[in-house]
Amino acid sequence: MSVKTDVLIVGAGPAGLASAIQLKKLGVQQVTVVDREPEPGGTPRLCHHTGFGVWDFHRLYSGPQYARRYAELARSLGVDIRTETTITGWDDENALTFTSPQGTGVLAASAILLATGVRERPRAARLIPGYRPRGVFTTGSLQRFVDEQHLPVGKRAVIVGAEGVSLSAFMTLTGAGLEVAAMLTDLPRHQMYFPYAPAKWWLMDVVHRTPIRTRVRVQRILGRKRVEGVEIRRLDDDGVEVIPCDAVVFTGDWIPENEVARKGGLEIAPGALGPRIDGQFRTSQPGVFAAGNLLRGAETAATSAMEGRFAAASINQYLQGKAWPRRRLPIQVAPPILWSLPNSISADGASGQRKHIAFRVARFINNATMQVFQGAKLLYEQRFSHLPPNETMYLSGAWLTQVDPDGPPPQIRLSG
Amino acid sequence: MQKIYDVAIIGAGAVGTAIARELSRYKLKIALVEAKSDVGMGTTKANTAIWHTGFDAKPGTLEAQLLRRSYALMESYAPEAGIPTERLGGLLVAWTEDQFQNLSNLLQRAHQNGVTDVRIISAEEVYRLEPGLNEGAWGGLFVPGESLICPFTLPIAFATQALLNGADLKLNFPVQGIQQEDGVSHVFGPGEQRVSARYLINAAGLYSDVIDHMLGHYDFTVTPRRGELIVYDKFARSLINHIILPVPTAITKGVLISPTVYGNILLGPTAEDLEDKTNTATSEAGLAMLLEKGRAILPQLMDEEVTATYAGLRAATEHKDYQIRLHGEQRYVCVGGIRSTGVSGAMGIAEYVADLLAEAGLSLAPKPEFKTIRMPNIGEATPRPYQRPDLIAQNPDYGRMVCHCEKVTMGEILDAIHSPLPARTLDGLRRRTRAMQGRCQGFNCQAHVVDILARETGQDPKFLLALDGREVQR
Ligand SMILES: Cc1cc2nc3c(=O)[nH]c(=O)nc-3n(C[C@H](O)[C@H](O)[C@H](O)COP(=O)(O)OP(=O)(O)OC[C@H]3O[C@@H](n4cnc5c(N)ncnc54)[C@H](O)[C@@H]3O)c2cc1C
Ligand SMILES: Cc1cc2nc3c(=O)[nH]c(=O)nc-3n(C[C@H](O)[C@H](O)[C@H](O)COP(=O)(O)OP(=O)(O)OC[C@H]3O[C@@H](n4cnc5c(N)ncnc54)[C@H](O)[C@@H]3O)c2cc1C
């Protein structure tokens with residue numbers, strides 16, 4: 001089975017679908033979106049709580065409503081959506097192999113957009129010792145248990161993490177009738193900024209009645225068959241405590257689903273762990289673009305959708321014959337900066353470059369000065385009164401035009 | 001009237017299932033008795049999964065002899081039964097001058113053990129074979145026969161074939177007492193559970209000493225020696241081409257880095273003597289030690305994600321050899337102390353045990369037909385169902401992905417649930433299909449798999465999730 005299309009999009013989440021819709025609006029003939037799941041929509045399909053759509057549809061939707069809205073819009077514009085279709089690898093540089101209930105085959109395209117999303121780093125990958133009892137979840141698996149399969153998850157849960165997605169786990173757990181025994185973070189404060197919660201005040205109140213334990217780390221899972229508790233270490237005095245529970249939810253700590261990207265040999269940006277892209281969502285491989293959470297971990301659905309739309313414009317230019325840049329420079333970041341996006345600058349000038357560089361830091365930092373150097377030359381400096389972790393911040397892209405394409409890779413650092 | 005078997009085997013690990021299979025080719029009534037709810041749930045499921053040649057075994061020991069024999073048997077059996085293996089070869093790397101000097105002793109030992117294709121190689125050749133290794137190797141010993149094997153499929157294959165050839169499998173039967181009278185052994189479990197047989201075999205792994213005590217013997221004591229391991233992401237697979245072995249010491253084979261037949265990389269095991277025969281938890285110290293070793297051998301491994309961690313317990317004894325003994329007057333064979341090579345040695349052990357039984361008077365008359373089996377392939381070396389348009393054309397469920405990380409399809413999951421030795425638990429399903437054992441550890445598929453298993457087997461999901469009747473203690 002071999003199919004040829006103009007644009008092939010891998011992943012029917014907000015990024016992939018928003019991009020497909022935009023490509024259609026720009027007049028591209030054949031846009032094919034594949035997803036391994038039985039329904040299109042991506043991660044929001046599983047987030048049964050509200051909080052989606054404000055930025056892109058100016059309405060408040062639940063995750064599944066939002067996912068449906070995108071899928072319907074895409075279909076009505078003639079996007080070819082193929083579900084239960086898993087991309088398994090690359091046939092050549094612009095053709096992917098797939099498996100579906102119809103068989104195996106090759107999907108070739110003039111341009112490919114990867115929008116495969118993220119997963120959360122599970123317990124094992126965090127190297128947390130103990131037995132391997134049932135009752136250990138990530139937010140993603142928890143939501144599939146509760147909302148997709150309607151399975152029991154326990155009575156009393158501990159949430160590891162106290163950031164935006166932890167709030168999502170909190171809502172799912174309380175919705176399923178569980179008591180949340182505690183939320184844990186190794187940072188000195190929680191990082192829940194309540195950006196889109198509708199019943200914000202109610203939620204803040206409930207969360208505030210839940211113990212948020214700061215500066216603690218889970219050092220062991222207790223229980224053999226079923227979780228019986230977590231053993232935590234207080235980072236300030238090395239004290240050890242046990243919190244009894246029958247479920248633990250590990251939230252956040254994102255890893256881009258970069259399997260397809262890596263199999264294709266695309267350059268991966270360290271820190272972000274997604275394909276390295278320039279300001280126009282172009283990866284290291286001609287004709288291959290990337291957008292959405294795949295690039296760097298989870299943002300709001302709207303952010304991913306917006307990236308998908310921007311990527312569509314870039315893809316369309318490429319289809320119209322715009323040359324692929326022959327050279328590009330990586331943008332490097334120094335700790336405690338975790339990643340920047342874009343994370344490279346192409347040599348075809350600053351035209352079309354984004355106005356801002358998104359970045360995240362690993363801890364709370366006050367009165368920070370961000371500096372951009374190319375070699376010894378200071379290109380740019382910007383002050384931030386406050387940089388919170390687990391929240392994306394934006395650095396002006398004013399310096400992008402000053403980068404010497406023949407010089408060393410520019411580096412973003414924190415002064416002092 | 002209680003049925004009297006010809007042979008009862010206690011323990012359905014690699015060793016017990018191999019014995020059951022070997023005996024099922026003869027006209028015998030066989031019972032395989034296992035404490036757990038499935039075969040292969042003891043040490044057999046938590047090890048480094050290497051099919052050893054036995055090149056470094058102590059010459060003259062029973063272990064050396066049986067490993068050699070087993071290797072030959074497995075060479076024809078594994079492909080026939082569809083047990084995933086990969087003959088990658090082992091590369092022992094000497095990191096110090098002392099270790100390098102020692103290689104010639106190991107070479108000699110290998111020759112004594114009949115493993116003659118082993119050769120010493122220079123540092124340059126080491127790096128040619130394994131460019132990713134850290135600096136500082138003095139040289140190495142290349143052992144072409146060392147291979148990977150799937151320790152999940154192995155006991156299931158043995159047991160399935162035994163069942164097909166008439167053996168009875170008694171699961172959930174923890175043996176608590178044994179009585180022998182009038183030439184019959186009565187094996188008792190909790191409640192009414194009881195199996196009687198004319199010949200008895202003890203293949204109870206970590207508990208082989210306990211069973212031996214029940215029969216009045218005190219020849220050895222099993223000390224559980226824990227080995228912790230880290231499984232790395234499939235993207236680490238391309239970092240090495242062979243099994244990277246350390247130069248062994250008296251106490252342990254040491255920490256190795258090996259690919260798995262599933263396409264991951266293993267780092268481990270540790271070696272730590274414990275008292276608790278059930279302590280298969282990982283520890284902070286153990287994992288930290290492994291990371292340190294791993295970094296020293298293959299620095300790039302540290303850049304890759306960890307997929308899983310686990311621990312297994314070796315049935316170590318005060319002796320340096322397998323503890324296999326025939327007590328002819330009791331018609332009892334003890335097969336204990338199969339410490340760190342039992343996956344590789346199982347077939348050789350089984351054949352040897354059959355000989356011992358014959359010696360004790362059991363008549364071994366071959367059945368007219370010994371039925372063969374073919375297990376579903378869960379290894380990466382040959383095409384998996386999702387890669388096979390022929391299978392998907394017959395049944396679209398083989399193209400319907402359930403576990404995305406390991407590429408396990410609905411067809412395979414249903415097959416495992418409805419096989420002759422069916423998966424009844426999440427772990428049983430995982431060992432038969434690989435579902436949920438990939439990099440997301442069930443982020444995507446666990447709920448779906450629970451739902452399928454509960455539905456297909458009519459079990460309450462609460463039971464599968466160990467949520468039945470258990471209250472959280474405050
Ligand atoms: C628990 C949780 C709660 C959240 N809550 C909110 C919220 O309240 N509000 C909000 O705005 N955002 C929320 N988000 C974020 C939002 O869901 C994501 O930002 C958004 O879904 C990202 O879109 P995406 O298209 O990049 O990726 P995804 O939506 O993850 O889509 C990726 C798609 O790619 C498919 N795919 C991956 N690999 C392959 C392959 N090899 N072959 C075929 N298909 C493949 C996947 O099946 C998936 O459908 C939440 C996220 C999580 C995890
Ligand atoms: C860390 C580690 C790494 C290893 N690496 C390798 C390797 O690379 N290659 C290799 O060949 N070997 C390796 N081994 C050794 C190998 O795993 C063992 O030798 C082998 O699994 C032993 O099989 P078994 O059947 O004797 O024991 P088990 O698999 O433990 O089986 C014994 C069975 O007996 C049952 N049982 C116990 N008591 C009772 C009772 N009272 N009633 C009923 N049933 C009972 C148990 O439930 C269990 O299922 C390793 C071991 C460890 C721990």
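Remember, predicted model here, so these are calculated numbers, not experimental data. We name chains A, B, ... by the order of the sequence lines, and we start the count at 1 in each one.
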So what's closer than 4.5 Å to chain A heavy atoms on [X]: side chain, backbone, both or neither?
{"X": "B:K407", "result": "side chain"}
{"X": "B:S283", "result": "backbone"}
{"X": "B:T307", "result": "backbone"}
{"X": "B:T278", "result": "both"}
{"X": "B:Q394", "result": "neither"}
{"X": "B:E284", "result": "both"}
{"X": "B:A393", "result": "neither"}
{"X": "B:N279", "result": "both"}
{"X": "B:L465", "result": "both"}
{"X": "B:L391", "result": "neither"}

Among [options], which has the most heavy-atom pairs under 4.5 Å with chain A?
{"options": "B:C440, B:G286, B:A281", "result": "B:A281"}
{"options": "B:I392, B:I230, B:T282", "result": "B:T282"}
{"options": "B:V450, B:L426, B:T409", "result": "B:L426"}

For [X], which atoms come within 4.5 Å of any heavy atom of chain B: side chain, backbone, both, or neither?
{"X": "A:R220", "value": "neither"}
{"X": "A:I221", "value": "neither"}
{"X": "A:L46", "value": "neither"}
{"X": "A:L127", "value": "both"}
{"X": "A:R126", "value": "neither"}
{"X": "A:E257", "value": "side chain"}
{"X": "A:E120", "value": "both"}
{"X": "A:R132", "value": "side chain"}

Is the closest basic N to carboxylate O distance between [X] and [Y] below 4.0 Å?
{"X": "A:R119", "Y": "B:E305", "result": "no"}
{"X": "B:K234", "Y": "A:E259", "result": "no"}
{"X": "B:D390", "Y": "B:R388", "result": "yes"}
{"X": "A:R234", "Y": "A:E241", "result": "yes"}
{"X": "B:R431", "Y": "B:D38", "result": "yes"}
{"X": "B:K45", "Y": "B:D427", "result": "yes"}

Between [options], which has the largest tally of heavy atom pairs under 4.5 Å with chain B?
{"options": "A:R36, A:R144, A:R121", "value": "A:R36"}
{"options": "A:G140, A:G105, A:P122, A:G130", "value": "A:G130"}
{"options": "A:G135, A:G103, A:G223, A:P152", "value": "A:P152"}
{"options": "A:Q143, A:R123, A:K263", "value": "A:K263"}

Determine, step by step, whether A:S100 and A:Q102 satisfy the side-chain hydrogen bond (donor to acceptor under 3.5 Å, both in side chains) criterion, reporting the C-alpha distance in whole Å, the side-chain angles of both residues, the deciding distance to 0.1 Å, and the verdict.
CA-CA 5 Å; A:S100 80; A:Q102 283 75 51; 3.3 Å; yes
Derivation and outcome, salt bridge (Lys or Arg N to Asp or Glu O under 4.0 Å), residues A:R45 and A:E37:
CA-CA 10 Å; A:R45 233 168 36 87; A:E37 293 283 327; 2.8 Å; yes
Just how far is it from atom CG of A:N258 to atom CG of A:L273, taken to the nearest 0.5 Å?
6.5 Å
Smallest heavy-atom separation, B:T433 atom then B:L429 atom, equals OG1-O, 2.7 Å
Which heavy atom in A:R226 sits nearest to a heavy atom in A:V153, and how many Å separate them?
NH2-O, 2.9 Å
Near-ring test B:Y262/B:F152, centroid separation under 6.0 angstrom:
yes
Suppose we call two aromatic rings close when their centres sit under 6.0 Å apart. Are A:F250 and A:F137 close by that rule?
no
Would a 4.5 Å heavy-atom cut-off, applied to side chains only, mark B:Y232 and B:L301 as touching?
yes
Using salt bridge (Lys or Arg N to Asp or Glu O under 4.0 Å), reason through A:R262 and B:E304 one step at a time and then give a plain yes or no.
CA-CA 12 Å; A:R262 284 193 70 176; B:E304 298 296 344; 3.0 Å; yes
